[in-house]
Amino acid sequence: MNLPLSKEELKNAVDQFGTPLYVYDESSLNERCNRLRQLFSGLPVSWLYAMKANDNPHLLEIISRNGFGLDTVSYEEVLLGLGFTDDPTDIFYTENNMTDDEMNRAIESGVVLNIGSYSRLEAFCRHPDAESCCIRVNPAIGDGHHAKVVTGNAESKFGIRKDLIGKCFELAESHGVRIEGLHVHIGSGIKDPSNMYEAIKMMLELANGYEALEYINFGGGLPVSYTPGEKEFDLAEFEKITRPALESFLEKRGGNFRFYFEPGRWIIAPAGVLLTRVNTVKDQGSKSFLGTDTGFHHLLRPALYDAYHHITNISKSEDQGSRKYDIAGNICESGDLIGVDRNMPESEIGDLLAILDSGAYGMTMASHYNRRTLPAEILKEESGEFRKIRERISPEEQVRKHLKECNYPDFITSIIEP
Ligand code: LLP
């Protein structure tokens, strides 16, 4: 089991900042960024971070300090990302059903537009300032930890069909627009890496037909192991298998060709943990529940994808125990279970639970469902100090914000200070 911080450190964090609390570890984050950057040494490979995994600006700062550009998927992410680089071409904007307004703004910002449909390419080519772009290919090869996150299959909404790629180049040429790169992303949390290798090979072959191309972006999807005992994704093997294909492509191609990868999960998931406090213990039918002060409004993955996150009781010294618990959230839906049938030590009200590997797609997918507030976030810096990187707002502030956004008079003050 992989806790990024010791149980003592996590308990100290709660003493200072309360629960629910996301805690991130800067040294794990730096170490993971380094491990990726050391791959493919000597080859023209650049790394982008898929900021949808976690876009806390303090974390973006650390990741960009490690030499990562950014993969963005909305104009909002573009705007946020622009604060972390001096060169907008370090930012890929992988559009998905983009509006004309979003396209116009993105072109003006100077980021790289990665276009995922023929009709959007038509609109792009008509824009007077359009010079060059990347296009996203649908490789008809998909993979992912759950059907909802497989993107490369032929039936998916993403990318441009392979048989339309030739037409895309003709269209661009007829408007004096350059297609400078090809992109592929087969899915997230890849289960069978051979699918990724197949897609990489396919893209290299496809790129052979287009001399003007300057790069291929192979997307993200590198998996992490969430279940104790599960084998870690083998980075060395990933390099060993892909390097020869990249090298032989470059030998033929020469020039300034470049490759990109854009992982999110692999970088940040294991560097983050969500801490919650048990406030209810109950036996119901054949079940024993530990009720907590968090839920799917803070970590949606178990409810949305049946995703496994290991949960450990950090108030107890032992990790395993004789009791089987369902760990329940505080959202008013019976599906709000963070873990089911977990072996844990006998637990009690007041105990602290750590939900592991929650750094990716935790906070970015959080919501205010049931009108609830979000967790605070803290960073354990390299120095060992904790730094608060997101304030916990009060229930009053939360409701006040809601009323303001709904353009409704603020009656909170009169309720709490009658
Ligand atoms: N590039 C593109 C174009 C993507 O759509 C994604 C993820 C990535 C890169 C990064 O993929 P990663 O390396 O993180 O696997 N909410 C889901 C994951 C959705 C991923 C969406 N796209 C989850 O919690 O598992």
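All heavy atoms count here, side chains included; hydrogens, waters and symmetry mates do not.
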>> Assess, by modelled atom type and distance only, whether the side chains of Arg258 and Ser46 contain a donor and an acceptor separated by less than 3.5 Å.
In response: yes
>> Checking Arg400 against Thr413: is there a side-chain donor and acceptor pair closer than 3.5 Å?
In response: yes
> Can you tell me how far CZ of Phe17 sits from CD of Glu377, rounded to the nearest 0.5 angstrom?
Replying inline: 12.5 Å
> Do the non-hydrogen side-chain atoms of Leu39 and Trp47 ever get within less than 4.5 Å of each other?
Replying inline: yes
> Does CD belonging to Gln16 count more than 12 external heavy atoms closer than 6.0 Å?
Replying inline: yes
>> For Tyr215, give me all partners under ring-ring contact (aromatic ring centres under 6.0 Å, His included), at least two apart in sequence or on another chain.
In response: Phe92, Tyr260
> For Lys287, does the NZ atom sit with more than 12 other heavy atoms under 6.0 Å from it, leaving out its own atoms?
Replying inline: yes
>> As an exercise, state the distance from CD1 of Ile165 to NZ of Lys167, rounded to the nearest 0.5 Å.
In response: 11.5 Å
>> Ring-plane angle category for Tyr24 and Tyr22, please: parallel below 30°, perpendicular beyond 60°, tilted otherwise.
In response: parallel
>> How close do Ala212 and Arg253 get, counting heavy atoms only, and between which atoms?
In response: N-NH2, 4.2 Å
>> Within a 6.0 Å radius of atom NZ on Lys11, are there more than 12 heavy atoms belonging to other residues, nucleotides or ligands?
In response: yes
> For Thr364 and Asn54, does a side-chain donor sit closer than 3.5 Å to a side-chain acceptor?
Replying inline: no
> Quick one: are Leu222 and Leu36 in side-chain contact, heavy atoms under 4.5 Å?
Replying inline: yes
>> For Glu251, give me all partners under side-chain contact (heavy atoms from CB on, under 4.5 Å), at least two apart in sequence or on another chain.
In response: none
> Above 12 or not: heavy atoms from other molecules or residues under 6.0 Å from CG of Asn256?
Replying inline: no
> For Arg392 and Thr373, does a side-chain donor sit closer than 3.5 Å to a side-chain acceptor?
Replying inline: no
> From Leu10 CG over to Phe386 CZ, what is the distance, rounded to the nearest 0.5 angstrom?
Replying inline: 7.0 Å
> Taking the six-membered ring for Trp, are Phe249 and Phe257 ring centroids under 6.0 Å apart?
Replying inline: yes
>> The test is side chain to side chain donor-acceptor pair (under 3.5 Å); show your working for His183 and Glu262 and say whether it passes.
In response: CA-CA 10 Å; His183 171 268; Glu262 51 183 26; 2.7 Å; yes
>> Using every non-hydrogen atom in the two residues, find where Pro88 and Ser109 come nearest and quote the distance to one decimal.
In response: CB-O, 3.4 Å
>> Apply salt bridge (charged side-chain N to carboxylate O under 4.0 Å, His left out) to residues Arg105 and Glu76 and explain how you reach the verdict.
In response: CA-CA 11 Å; Arg105 288 165 183 248; Glu76 289 83 342; over 6 Å; no
>> If you compare all heavy atoms of Lys191 against all heavy atoms of Pro193, which two are closest, and at what distance to 0.1 Å?
In response: O-CD, 3.5 Å
> Taking side chain as C-beta onward, heavy atoms only, is Arg265 less than 4.5 Å from Pro223?
Replying inline: no
> Which heavy-atom pair separates Pro20 from His298 by the least distance, and what is that distance?
Replying inline: CG-CE1, 3.5 Å
> With a 3.5 Å cut-off and no angle check, do the side chains of Asn30 and Asn66 form a donor-acceptor pair?
Replying inline: yes
> Would you say Leu5 and Lys380 make side-chain contact, with heavy atoms under 4.5 Å?
Replying inline: yes
> Does the ring centre of His310 sit less than 6.0 Å away from the ring centre of Tyr226?
Replying inline: no
> How would you list, by chain and number, every residue that makes a ring-ring contact (aromatic ring centres under 6.0 Å, His included) with Tyr369, sequence neighbours excluded?
Replying inline: Phe296
>> Less than 6.0 angstrom separating the ring centers of Phe238 and Phe40, yes or no?
In response: yes
> Are side-chain N/O atoms of Arg136 and His185 paired as donor and acceptor at under 3.5 Å?
Replying inline: no
>> Please give me the minimum heavy-atom distance between Ile241 and Pro244, naming the atom from each residue.
In response: O-CD, 3.6 Å
> Is there a side-chain contact between Leu356 and Ile311, using heavy atoms and a 4.5 Å cut-off?
Replying inline: no
> How about Asn313 and Ser347: does a side-chain donor come under 3.5 Å of a side-chain acceptor?
Replying inline: yes
> With side chains defined as the heavy atoms from C-beta onward, is the minimum distance between Tyr93 and Glu102 less than 4.5 Å?
Replying inline: yes
> Side chains of Ser74 and Glu77: do they bring a donor and an acceptor to under 3.5 Å?
Replying inline: no
>> Restricting to non-hydrogen atoms, name the atom on Val184 and the atom on Val137 that form the minimum distance, rounded to 0.1 Å.
In response: CG2-O, 3.9 Å
> Could you walk me through whether Lys52 and Asp71 pass the salt bridge (charged side-chain N to carboxylate O under 4.0 Å, His left out) check?
Replying inline: CA-CA 8 Å; Lys52 65 179 79 61; Asp71 159 52; 3.0 Å; yes
> Hey, what do you get for OG1 (Thr85) to CG (Leu60), rounding to the nearest 0.5 Å?
Replying inline: 12.0 Å
> Hey, what do you get for NZ (Lys282) to CD1 (Ile349), rounding to the nearest 0.5 Å?
Replying inline: 11.0 Å
>> Just by distance, no angles: are the side chains of Thr89 and Asp87 close enough, under 3.5 Å, to form a donor-acceptor pair?
In response: yes
>> Checking Glu391 now: which residues fulfil salt bridge (Lys or Arg N to Asp or Glu O under 4.0 Å) with it, not counting sequence neighbours?
In response: Lys388
>> Suppose we screen for side-chain contact (heavy atoms from CB on, under 4.5 Å). Which residues come up paired with Ala130, at least two apart in sequence or across chains?
In response: Phe124, His127, Val177
> Do Ile186 and Phe158 come within less than 4.5 Å of each other through their side chains, counting heavy atoms only?
Replying inline: no
>> Tell me every residue that passes side-chain contact (heavy atoms from CB on, under 4.5 Å) with Arg35, counting only those two or more places apart in sequence or in another chain.
In response: Glu31, Arg32, Leu235, Trp266
>> Less than 6.0 angstrom from the centroid, inside 45 degrees of the normal: does Arg161 satisfy that with respect to the ring of Tyr118?
In response: no
> Distance from Arg243 atom CZ to Leu250 atom CG, nearest 0.5 Å?
Replying inline: 10.0 Å
>> Using the rule given for side chain to side chain donor-acceptor pair (under 3.5 Å), can you reason through Arg126 versus His175, listing the C-alpha separation, both sets of side-chain angles and the distance that settles it, and then say yes or no?
In response: CA-CA 7 Å; Arg126 284 196 300 268; His175 285 81; over 6 Å; no
> For atom CD of Glu396, is the number of surrounding heavy atoms from other residues, nucleotides or ligands below 6.0 Å larger than 12?
Replying inline: yes
>> Less than 4.5 Å apart, side chain to side chain, heavy atoms only: is that true for Arg178 and Glu214?
In response: yes
>> Using the rule given for side chain to side chain contact (heavy atoms under 4.5 Å, CB included), can you reason through Met196 versus Ile141, listing the C-alpha separation, both sets of side-chain angles and the distance that settles it, and then say yes or no?
In response: CA-CA 8 Å; Met196 182 167 62; Ile141 303 167; over 6 Å; no
> Using the ring of each side chain (for Trp, its six-membered ring), is Tyr305 parallel, tilted or perpendicular to His145, with breaks at 30° and 60°?
Replying inline: perpendicular
>> Evaluate Thr312 against Leu353 for side chain to side chain contact (heavy atoms under 4.5 Å, CB included), listing each step before the verdict.
In response: CA-CA 6 Å; Thr312 183; Leu353 307 183; over 6 Å; no
> side chain to side chain donor-acceptor pair (under 3.5 Å) between Thr99 and Asp101: does it pass, once the steps are laid out?
Replying inline: CA-CA 5 Å; Thr99 65; Asp101 183 48; 5.1 Å; no
